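Every value quoted in this text rests on a predicted model; they were computed, and no experiment measured them. Keep in mind that the numbers below use all heavy atoms, side chains included, and drop hydrogens, waters and symmetry copies.
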Amino acid sequence: MAAWLFKTEPDTFGIDDLANRPDKREGWDGVRNYQARNFMRDSMQVGDDAFIYHSSCKVPGIAGLAKVSKTGLVDPTQFNPESPYFDPKSTPENPRWIMVELEYVETFVNITPLKKIKENPNINVIPLVNKSRLSVMPVNEKEFDILLSMSRNHSLS
DNA sequence: GCCAACGTTGGC
DNA sequence: GCCAACGTTGGC
């Protein structure tokens, strides 16, 4: 089973919004980056772990955990002219943007800040730390274990 | 297919 | 709000 990290702006949609959905699930729409899309389309499987990372906020960092609950969904916002994610070049016959659905698992008591993540030499592999702007990125097993224990230990303090 | 210009992201 | 990093666009 693989693990991933999803960036999101909590002002728009954060871990609390996911937790407050009636079924605690949400289609992860609005990703408009081919590399990120390819991860969702080609590599994700139901049951994969998914960190929810909050960006562009007071304390950027990992806020919670979710899991992939559906794969291979067509992002409906690409066909909606009113949506900021509208893509006039995409057609229903050949949709360009594929998404997954995430299901809420856990909110960490405290955010695990990017600052702390950067300080750990064992997790400098992920594009997050490398200043990439990828909004969806893979997290290897070792990194996942470290990040999860950081997040849970931190929540005890 | 190169690459300069431009727009966006996102931490600070 | 600044600006570095990076993806995308479009002229050639």
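The nearest whole Å value for the distance from the OH atom in A/Y85 to the C1' atom in B/dT9 is 12 Å. Note: CD (A/Q35) to P (C/dC6) measures 12 Å, nearest angstrom. Between the CD1 atom of A/I117 and the C1' atom of B/dG10 there is a distance of 14 Å, given to the nearest Å. In this structure, A/R133 atom CZ and B/dC12 atom C1' are separated by 17 Å, rounded to whole Å. The distance from atom CZ of A/R32 to atom C1' of B/dT9 is 16 Å, rounded to the nearest whole Å. For the pair A/N33 CG and B/dG10 C1', the computed distance is 14 Å after rounding to whole Å. Rounded to an integer number of Å, the gap from CG of A/D87 to C1' of C/dG7 is 15 Å. Computed from coordinates, the A/L134 CG to B/dG10 P distance equals 9 Å when rounded to whole Å.
Salt bridge absent: A/K67 and A/D48 never bring a charged side-chain N and a carboxylate O closer than 4.0 Å. Using a cut-off of 4.0 Å between Lys/Arg side-chain N and Asp/Glu carboxylate O, A/R152 and A/E106 are scored as salt-bridged.
Close to C/dC6, at under 4.0 Å from its OP1 or OP2, lies no side-chain N or O of A/Y34. Side-chain N/O atoms of A/K7 include none lying less than 4.0 angstrom from OP1 or OP2 on B/dG11.
Within the 3.5 Å criterion, the main-chain N or O of A/W97 finds no donor-acceptor partner in the side chain of A/R41.
None of A/R25, A/R21, A/K24 except one satisfies the salt bridge (charged side-chain N to carboxylate O under 4.0 Å, His left out) rule with A/E103; the exception is A/R25.
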